[in-house]
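Please read the structure below before turning to the comments.
All ligand and atom numbering here is 1-based and tracks the order in the structure. In this chain, numbering begins with 1 at the start of the sequence shown.
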Amino acid sequence: MRLLVINGPNLNMLGIREPHIYGQSTYDDLCARIREHAQSRGVEVALFQSNHEGAIVDRIQAAYQAEDGIVINPGAYTHTSIAILDALKAVGIPTVEVHISDVDARETFRQISYVGLYAERRFAGYGFDGYLMAMDHLIDTYGE
Ligand code: DQA
């Protein structure tokens with residue numbers, strides 16, 4: 001099984017951006033945890049981060065017939081991007097939405113999720129562990 005983990009805008013600034021909300025660990029720390037977890041579960045993983053909506057759409061399209069599951073934290077595009085939602089629907093790959101923070105307990109504008117209209121599960125408020133929980137869901141549901 002091959003998984004794709006996508007992080008959207010400003011997630012490359014983890015460790016620097018609002019550490020009281022997103023923690024002190026960096027994007028590289030996150031990637032290391034995801035790679036370690038993939039190895040321990042015996043799956044392949046590709047990691048992608050972009051601050052650009054179109055680049056995220058392009059990467060989702062490239063996953064068609066190449067990847068078996070998507071874990072996505074779309075950052076602020078969660079709350080605005082119909083294009084990312086449409087790309088996920090177009091490729092039809094099982095998808096899990098992740099947020100480091102508990103978005104439902106924050107500003108009301110963070111409580112709308114377009115990606116959530118397609119994603120089959122959401123893990124929010126578990127910090128980096130949410131990514132591993134999302135990977136486990138996809139592996140346990142769709143096989144190793
Ligand atoms: C986030 C929550 C979003 O509302 C925010 O715009 C982010 C990060 C999270 O991981 O908690 O960039 O997706």
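- In this structure, the side chain of D29 engages the main chain of T26 through a donor-acceptor pair within 3.5 Å.
- Between the side chain of S40 and the main chain of H37, a donor-acceptor pair closer than 3.5 Å is present.
- With H79 contributing its side chain and I112 its backbone, the two residues share a donor-acceptor pair below 3.5 Å.
- A distance-only check finds a donor-acceptor pair linking the side chain of Q111 to the backbone of D104 [under 3.5 Å].
- Residue-level proximity to ligand 1 for V98 is absent, since no heavy atom of it falls below 4.0 angstrom.
- Residue H79 approaches ligand 1 through these ligand atoms, each under 4.0 Å from one of its heavy atoms: 3 (C), 4 (O).
- Nearest residue to atom 6 (O) of ligand 1 from R110, H99, Q111 is R110 (criterion: closest heavy atom).
- Side-chain contact of R106 with S101: a donor-acceptor pair under 3.5 Å is present, judged by distance alone.
- Heavy atoms of other residues, nucleotides or ligands lying less than 6.0 angstrom from CD of Q39 number 12 at most.
- In the vicinity of V103, heavy-atom distances shorter than 4.0 Å reach the ligand 1 atoms 2 (C), 4 (O).
- Residue I100 approaches ligand 1 through these ligand atoms, each under 4.0 Å from one of its heavy atoms: 9 (C), 10 (O), 11 (O).
- The closest protein non-hydrogen atom to atom 11 (O) of ligand 1 is S101 OG, 2.6 Å.
- Residue R17 touches ligand 1 through its side chain alone, judged by heavy-atom distances below 4.0 Å.
- Heavy-atom distances between Y22 and ligand 1 reach below 4.0 Å in at least one pair.
- With D68 contributing its side chain and R2 its backbone, the two residues share a donor-acceptor pair below 3.5 Å.
- Under the 4.0 angstrom criterion for non-hydrogen atoms, N10 is not in contact with ligand 1.
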